[in-house]
Undergrad: 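Okay, handing you the structure first.
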2 protein chains.
Amino acid sequence: MAQRLNARDPDFPQAFAALLATKREISEDVDQAVRVIIDDVVARGDAALIDYTSRFDQLDLTPETLRISDAEIDAAETQCSRDALEALALAKARIETYHRAQRPQDAMTTDAVGVTLGWRWTAIESVGLYVPGGRASYPSSVLMNAVPAKVAGVPRIAMVVPTPRGETNPLVLAAARLAGVDEVLRIGGAQAVAALAYGTATIQPVAKIVGPGNAYVAAAKRRVFGQVGIDMIAGPSEVLILADAHANPDWVAADLLAQAEHDPVAQSILVTDSPALADAVEVAVEHQLQTLPKAEIAGASWRDFGAIILVESLVDAVPLVDRLAPEHLEIETEDAEALAAKVRNAGSIFLGSHTPEAIGDYVGGPNHVLPTARSARFSSGLGVLDFMKRTSILKCDPGALRALGPAAIALGRSEGLEGHARSVAIRLNL
Amino acid sequence: MAQRLNARDPDFPQAFAALLATKREISEDVDQAVRVIIDDVVARGDAALIDYTSRFDQLDLTPETLRISDAEIDAAETQCSRDALEALALAKARIETYHRAQRPQDAMTTDAVGVTLGWRWTAIESVGLYVPGGRASYPSSVLMNAVPAKVAGVPRIAMVVPTPRGETNPLVLAAARLAGVDEVLRIGGAQAVAALAYGTATIQPVAKIVGPGNAYVAAAKRRVFGQVGIDMIAGPSEVLILADAHANPDWVAADLLAQAEHDPVAQSILVTDSPALADAVEVAVEHQLQTLPKAEIAGASWRDFGAIILVESLVDAVPLVDRLAPEHLEIETEDAEALAAKVRNAGSIFLGSHTPEAIGDYVGGPNHVLPTARSARFSSGLGVLDFMKRTSILKCDPGALRALGPAAIALGRSEGLEGHARSVAIRLNL
């Protein structure tokens, strides 16, 4: 059973602060092992990659078989059910439409002084996409990472996915093809991250690496950052549901458990002004757990990290939401839009009773790669901008330089940078 | 004298690869010291902050004097020259205008299926701005960091600046006031970063920390990342000048030296198709060095990291530029715009002979906080988006859920997430 907090209790501030401070990640100390692997891939290239894949994935490769062939992807597609392929196609189309609207505008203007200035957006030249093997190998994540990259115009996406003992997930390969992934490599772990960052004889290096992974992958991404760009390091997933007396307790319970089934350290929180709803949800969760296939995981998450917070009124809940800055925020109340408008910090918002988070996880259109662990206070979900960069552009004509030059000279001298001042003065014969 | 490379030489690919791989940063191992300082500030708050400031800055503070008062900023302003204040005001106005155009649009639409979806941008609730003390205490950097934050709508900017032995830079304080900084604290180093990230009894914590600093500050920012957001960790500055036979060698030399005077590990590179220009620039650099106040720094940078690269034609230079991905790219050629349009990777581009980088450093309008060390391949200069975050929004009505639900159920089951499928199915009586 999840913990209960009541905003009326005198010790609520302390209890809420403790909830905020809960650490849900076990930080494994894998950094030293990862350093050795990366150095080895840098030094020995394909040979190191092949050795580690043999050791960690029990799979013997050659430089020629590192890449999964088109014929293998053809074969994988035939193994997928038509239902799943159609669902994937619908998801891809909706994700693409949503992200197309995120493409940024270039700007260029000439001002009154005669300065032409603005910026230009360009796609990142190549991107590596990490896809975990085994249990967490999700076709939906392939779409959520690769589709925005292609919408941004990235010319080359190289995907890596470990295939322990040669086992592949056919729907992951189908998703890769559907999303326009250019190369698929059957490697994983820190060695795959190193190969993407530094390249080998058979693998061209990329400029940025995205995608989720285990502790080794996360540590490797941190370590190659600088050599290449990386996306955020995702923590365990979380949902906060804001609900009033009108919400259906069975639906709310199902949404809390959909989050909890991801991981024993996932977190599901209900905030409500209705004691009756709180009680009913608690009962419904226990009831639904009895038949959930992943009841062990979901039960542990709910027991260890779940919470039900009773507030006096839903407006009182908004500051609590902003402090928790949830990855997913469901608002199942009568005035969901009005309440949503008051929230500053959330990765994504699901409005009303007919928008379970699972719709957004798969087919809504918005990205499901979202800021976890309170980082929605300062960061956004994955989007097209993560696969582009902006170059600023400035051009002065001689008149513009005459107009702005003296101020630049004054500031250069005030900062003790005479060379800066002279680079302007020399052009103005000053 | 800088090294010379010639694209015609048979060993050019190796020489260019070596130039690309040049490490210019001395990575000091300060991480352990920084960890101790941060832990101490978390544990003892203001008392630790006061102790470290006494030890590192030879300045004795109390909780009451941590903050620089309005009266002190008034007094500082009176110490600044009118020229400098006017130049600062011009810079602020131009930076503000440029960045206002970067404010992103919210989007919200209802599609044919009945799904309402889009996103909303909100400002980060509070930002900490680190400003170095001593030699690298630049008023222009205060504007370049604080103005975009205010344009984004950040309600609170807390600036920290160390004041060794109580010495302040009056123009830095004037810039802070001009830019709308809300609080100025006379602290620096890892202890200031820790105070901003975790808060103390007198300092409210922030959600993101930006601004340059020494190795201790950089290590502290890396360490508090996650607790708060951080901007990029900047490396030494660099310029690449692309010039043809029409360029003025004295002007080109002045621009190379303006970059080189920043730091012995700054880097200035000239790429040209004109051997005559290459020779003339080389002579002009040596000549100008004779009277440059920071000749020692600039001379060391030019000797150790400077380069002149001769290419067959300027179009051949474009792939070299993209691989170097310079922070600053000056194009002093006849067809500067056409050449600029071919470049993918550059932090900022300065077009034509009348746009020395120094104009952009101070008063052009674009930001001078730009990606260094080849990171323009995957990242952008500082801008308004760095002070905002995007929340995605999704709303299904019952009809939309009926339309999309089956696909979400199919994908949930294909990923082994039955709880996801059920959270949809329970609403559709499936």
Side-chain angles (χ1 to χ4, degrees), chain A residues 83-84 87 90 101 107 117 122 124 138 140 171 207-208 229 254-255 257-258 261 292-293 344 346 348-352 354-356 358-360 362-366 377-381 389-396 398 401 404 407-408 410-411 414-415 418-420 422-424 426-427, chain B residues 83-84 87 90 101 107 117 122 124 138 140 171 207-208 229 251 254-255 257-258 261 292-293 344 346 348-352 354-356 358-360 362-366 377-381 389-396 398 401 404 407-408 410-411 414-415 418-420 422-424 426:
Chain A
D83 270 7
L90 175 68
L117 75 179
T122 43
I124 294 176
Y138 295 143
S140 58
L171 208 56
K208 184 167 184 172
D255 295 358
L257 288 175
E261 76 172 341
L292 193 68
R344 184 192 288 271
S348 58
I349 300 179
F350 302 83
L351 290 168
H354 293 87
T355 320
I359 288 289
Y362 293 120
V363 291
R377 289 172 300 137
F378 52 79
S379 60
S380 310
K389 66 260 177 358
R390 193 183 54 225
T391 298
S392 63
I393 298 172
L394 187 67
K395 180 181 187 178
C396 291
L401 185 64
L404 298 184
L411 288 171
S414 79
E415 295 186 350
E418 178 64 21
H420 283 57
R422 288 187 187 178
S423 72
V424 177
I426 196 173
R427 287 165 160 94
Chain B
D83 271 8
L90 175 68
L117 75 180
T122 43
I124 294 175
Y138 294 144
S140 58
L171 208 55
K208 183 166 184 171
W251 298 4
D255 295 358
L257 288 174
E261 76 172 343
L292 193 67
R344 184 192 288 270
S348 57
I349 300 179
F350 302 82
L351 290 167
H354 294 86
T355 320
I359 289 289
Y362 293 120
V363 291
R377 290 172 298 136
F378 54 78
S379 60
S380 311
K389 67 260 178 358
R390 194 183 53 224
T391 298
S392 64
I393 298 173
L394 186 68
K395 180 180 187 178
C396 291
L401 185 64
L404 299 184
L411 289 171
S414 79
E415 295 186 350
E418 177 65 20
H420 283 56
R422 289 187 187 178
S423 74
V424 177
I426 196 173

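A, B, ... follow the sequence lines: proteins, then strands. Residue 1 opens every chain.
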Undergrad: List the atom of A:G364, the atom of B:L117, and the distance in Å for their closest heavy-atom pair.
TA: O-CD1, 3.4 Å
Undergrad: Would you please name every residue forming a salt bridge (charged side-chain N to carboxylate O under 4.0 Å, His left out) with A:R390, sequence neighbours left out?
TA: none
Undergrad: Identify which part of A:A358 has an atom lying under 4.5 Å from any heavy atom of chain B, answering side chain, backbone, both or neither.
TA: both
Undergrad: Taking all atoms of both residues into account, what is the closest heavy-atom pair of A:I426 and B:W251, and its distance?
TA: O-NE1, 3.6 Å
Undergrad: Of the backbone (N, CA, C, O) and the side chain (C-beta and beyond), which part of B:L171 lies under 4.5 Å from a heavy atom of chain A, both, or neither?
TA: side chain
Undergrad: Is A:E261 reaching over with its side chain to a backbone N or O of B:H420, donor-acceptor style, under 3.5 angstrom?
TA: yes
Undergrad: Taking only Lys NZ, Arg NE, NH1 and NH2, and the carboxylate oxygens of Asp or Glu, determine whether A:R422 and B:D255 approach each other closer than 4.0 Å.
TA: no
Undergrad: What is the minimum heavy-atom distance between B:C396 and A:H354, and which atoms define it?
TA: CB-O, 3.2 Å
Undergrad: Using heavy-atom distances under 4.5 Å, tell me whether A:L90 contacts chain B through its side chain, its backbone, both, or neither.
TA: side chain
Undergrad: Could you check if a side-chain atom of B:I359 sits within less than 4.5 angstrom of a side-chain atom of A:L394, using non-hydrogen atoms only?
TA: yes
Undergrad: Below 4.5 Å, heavy-atom pairs only: which of A:S423, A:A101, A:A407 has the largest tally toward chain B?
TA: A:S423
Undergrad: Return the CD1 to CZ distance between A:I393 and B:F350, rounded to the nearest 0.5 Å.
TA: 11.0 Å
Undergrad: Of the non-hydrogen atoms in B:V363 and A:A408, which two are nearest, and what is the gap between them?
TA: CG2-CB, 4.1 Å
Undergrad: If you compare all heavy atoms of B:Y362 against all heavy atoms of A:L411, which two are closest, and at what distance to 0.1 Å?
TA: CD2-CB, 3.7 Å
Undergrad: Could you check if a side-chain atom of B:K389 sits within less than 4.5 angstrom of a side-chain atom of A:S379, using non-hydrogen atoms only?
TA: no
Undergrad: For chain B, find which of A:G365, A:G381, A:S414 contributes the most heavy-atom pairs closer than 4.5 angstrom.
TA: A:G381
Undergrad: Taking the side chain as C-beta and beyond, is there a heavy-atom pair between B:T355 and A:L401 under 4.5 Å?
TA: no
Undergrad: For each of A:S380, A:A107, A:A254, tally heavy-atom pairs with chain B at distances under 4.5 Å, and name the one with the top tally.
TA: A:S380
Undergrad: Give, for atom NZ of A:K208 and atom CZ of B:R377, the distance between the pair rounded to the nearest 0.5 Å.
TA: 12.0 Å
Undergrad: Out of A:P398, A:S392, A:P293, which one racks up the most heavy-atom pairs below 4.5 Å with chain B?
TA: A:S392
Undergrad: Indicate the atoms forming the closest heavy-atom contact of B:R344 with A:T122, along with that distance.
TA: O-OG1, 3.3 Å
Undergrad: Out of B:A87, B:P356, B:S348, B:A410, return the one with the most heavy atom pairs under 4.5 angstrom to chain A.
TA: B:P356
Undergrad: Counting only N and O atoms by type, is there a donor-acceptor contact under 3.5 Å from the side chain of A:E415 to the main-chain atoms of B:S140?
TA: yes
